[in-house]
Structure formats: C-alpha cells, structure tokens
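Let me begin by presenting the structure, written as structure tokens, before commenting on it.
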Amino acid sequence: MCALIRTGSVVVTEISGKVGGQSYSRNGGGAYVRNISKPLNGQTSSQVAVRGSLASLSRSWATLTAAQQQAWITFGSLQIKTNRIGHKSPQSGFNAYIEFNQVLANAGVASISIPPSTVTINALTALSITAVHAGATTITYATTPVPANQALLIQTTGNLSAGKSFVKNRFRTIHYVAASAASPYVATAAQNAKWGAPTLGSKIFVRAYMVDIVGGYKSQALIASAIVS
C-alpha cells in the first residue's frame, strides 16, 4: 500500500498510508506516525466470510455483459468519494459494483447486475444503547418500525476503556434488523457472541445505518455509546 501525500506550496501538509517501515494517519488527537508491525492473517469466521463474499463478487463482475459493466462505470463516475486526506474523485465501475453488492450480500439479499436507481432512504433520527453488567444490551432507534424495503444495519464495538472516544475502525457488524421490526432491538445475544459480555466500567459504542435492500444505498450513520454499569 502506498501513502497518500498532500502538499502545500513548499511543504507536505498531509500524509496518509505507509512509507518504508512507518504508517502515517490521523485520529481525534491529530496526525501521528507509528512503526508498522505485520499483523497476523485473521481467520475468524466473519473475516473468512467477508473475504469469500468479496472474491465471489470480483468473479461475478467478469460475468457481466459489456453493457452492464459500462452502466456501472457510468454510475461510478457519479459516486464522488473522499479519500483519507480529503481528495475527492469518482468511483470506478468495478468498485461501485463491489460496494453496493457487498451491502446487499451482508443483508442476505441477492446481488444486482445493473446499478440501482436513486432512492429516498428514511434516515435514522435517534439512536441509543444501554449496556447492563448482567449482559443485557438493548439498542433503541427511530425511525421505527424499520420501513419497507429497508433494513437497519447495527455495528458495535467490544468493551473499551471509559475514556475512549475515537473508535472509527473498531466497529463490526452484529445484525441487520429487518423491515417492519420495531424499536428496541435486544442485542444481547449478538453482542455477546461477537465481543463477549459487557464488563463493568467499560464503554460500548453502536453505529447504525438504514440500508436500502433493493439497491444497496446506505443512509448517514448515527453513533451512540454507553458506560456499562
């Protein structure tokens, strides 16, 4: 992986990525650099499933007709993405195909061969989490119930220190709440299966999106947290 470097008139103003044996990034406290340690190749069931899904979608891209691939290329050119250092650029057709179909795959929905039409998603207006030391984790949300043709994507963190606030890379998906399901969602089983039971004094975060299960669009996310008492 190469580093992304933004320069001013005569100096480097932003670096993100790897250079040599060091990694440059940014968190809530500002820019930082750290030495790179080679991670182990994770083999959890969820990691294996994600890799398998991405590999399957990559292969299926090659089976699309030229017209279908061109439709995704045109669609991707309208999906402006912002990278780690704030540079905006259009998305490739391949990446757009993978991104939208991965959302559908995660929700248990069949892949689509042509780009989705623009849809209106009922965005979340409220989100909260209550984590009890006994192990009962409950997530409340609005809009409720989940609208038709949508699902609520629930992502959480494990037990973190109470002072933790920057958790962007800590979220993992634990559940998709189906259409018509009303708040609250009792996340105890899914949370404990993913992270273990809540521990007294720790902090747990939840991030949620509304997902269009027809085309793969996602709403803006809301984030909430709770101290386990």
Euclidean distance, Ser92 OG relative to Phe75 CZ, rounded to 0.5 Å: 12.0 Å
When you measure from the side chain of Gln150 to the backbone of Asn122, do you find a donor-acceptor pair of N or O atoms at a distance under 3.5 Å? yes
Mark yes or no for whether Gln68, through its side chain, and Thr65, through its backbone, hold a donor-acceptor pair below 3.5 Å. yes
Exercise answer: donor-acceptor pairs, residues 163-180 side-chain atoms, under 3.5 Å, sequence neighbours excluded:
unit_1: Arg172; atom_1: NH1; unit_2: Asn169; atom_2: O; d: 3.0
unit_1: Thr173; atom_1: OG1; unit_2: Gln155; atom_2: NE2; d: 3.2

Spell out, yes or no, whether Trp195 and Phe205 are grouped together once hydrophobic residues are joined by side-chain heavy atoms under 4.5 Å, including indirect joins. no
Smallest separation among heavy atoms of Gly135 and Thr188, with atom names: O-CG2, 2.5 Å
Between Thr144 and Tyr141 (side chain of the first, backbone of the second, donor and acceptor by atom type, cut-off under 3.5 Å), is there such a pair? no
On a heavy-atom basis, which atom in Leu104 and which in Gly216 lie closest, and how many Å separate them? CD2-N, 3.6 Å
Rounded at 0.5 Å granularity, tell me how far OG1 in Thr120 sits from CG in Asp212. 10.0 Å
Please check if the number of heavy atoms outside Leu78 that lie under 6.0 Å from its CG is greater than 12. yes
Side-chain donor or acceptor of Thr156 paired with backbone N/O of Val206 under 3.5 Å: no
Ser202-Thr199 side chain donor-acceptor pair, cut-off 3.5 Å: yes
Are Ile98 and Ile73 in one and the same hydrophobic cluster, where Ile, Leu, Val, Met, Phe, Trp and Tyr link if side-chain heavy atoms are under 4.5 Å apart? no
Can a donor-acceptor pair be found, under 3.5 Å and without considering hydrogens, that links the side chain of Asn101 to the backbone of Ile112? yes
Closest heavy-atom pair, Lys203 versus Ser161, reported as atoms and distance to 0.1 Å, is CB-O, 3.7 Å
Check the hydrophobic clustering (I, L, V, M, F, W, Y; side-chain heavy atoms under 4.5 Å; chains of links allowed) and say if Ile121 and Val109 are grouped together. yes
Could you walk me through whether Val211 and Leu152 pass the side-chain contact (heavy atoms from CB on, under 4.5 Å) test, one step at a time? CA-CA 6 Å; Val211 176; Leu152 179 65; over 6 Å; no
Worked verdict on Thr140 versus Ser183 for side chain to side chain donor-acceptor pair (under 3.5 Å): CA-CA 5 Å; Thr140 58; Ser183 179; 4.9 Å; no
Within the 4.5 Å heavy-atom criterion, are Leu57 and Phe100 side-chain neighbours or not? no
Answer yes if the side chains of Gln91 and Glu99 hold a donor-acceptor pair under 3.5 Å, and no otherwise. yes
For Gly76 and Ala96, work out which heavy atoms get closest and say how close. CA-CB, 4.1 Å
Answer yes or no: is there a side-chain heavy-atom contact under 4.5 Å between Thr130 and Thr137? no
For a side-chain contact (heavy atoms from CB on, under 4.5 Å) check, start with the C-alpha distance between Phe94 and Trp72, then their side-chain angles and the critical distance, and finish with the verdict. CA-CA 7 Å; Phe94 173 79; Trp72 281 102; over 6 Å; no
Is Trp61 reachable from Leu54 through a run of hydrophobic residues whose side-chain heavy atoms are each under 4.5 Å from the next? yes
For Pro90 and Ser77 the tightest heavy-atom approach is CB-O, 3.5 Å
OG1 of Thr138 to CD of Gln191, rounded to nearest 0.5 Å, is 11.0 Å
Run the side-chain contact (heavy atoms from CB on, under 4.5 Å) test on Tyr97 and Leu64 for me, step by step, so that the C-alpha distance in whole Å, both residues' side-chain angles and the decisive distance to 0.1 Å come before the verdict. CA-CA 11 Å; Tyr97 175 80; Leu64 298 181; 3.8 Å; yes
Between His133 and Ser229, is there a donor-acceptor pair closer than 3.5 Å when you use the side chain of the first and the backbone of the second? no
Cluster check Leu127, Leu160: I/L/V/M/F/W/Y, side chain < 4.5 angstrom: no
State which residue, out of Thr157, Leu153, Ile223, Ile154, fulfils the side-chain contact (heavy atoms from CB on, under 4.5 Å) condition with Arg207. Ile223
Is a donor on one side and an acceptor on the other found under 3.5 Å between the side chain of Ser219 and the backbone of Tyr209? no
If you compare all heavy atoms of Ile204 against all heavy atoms of Gly158, which two are closest, and at what distance to 0.1 Å? CG1-O, 4.0 Å
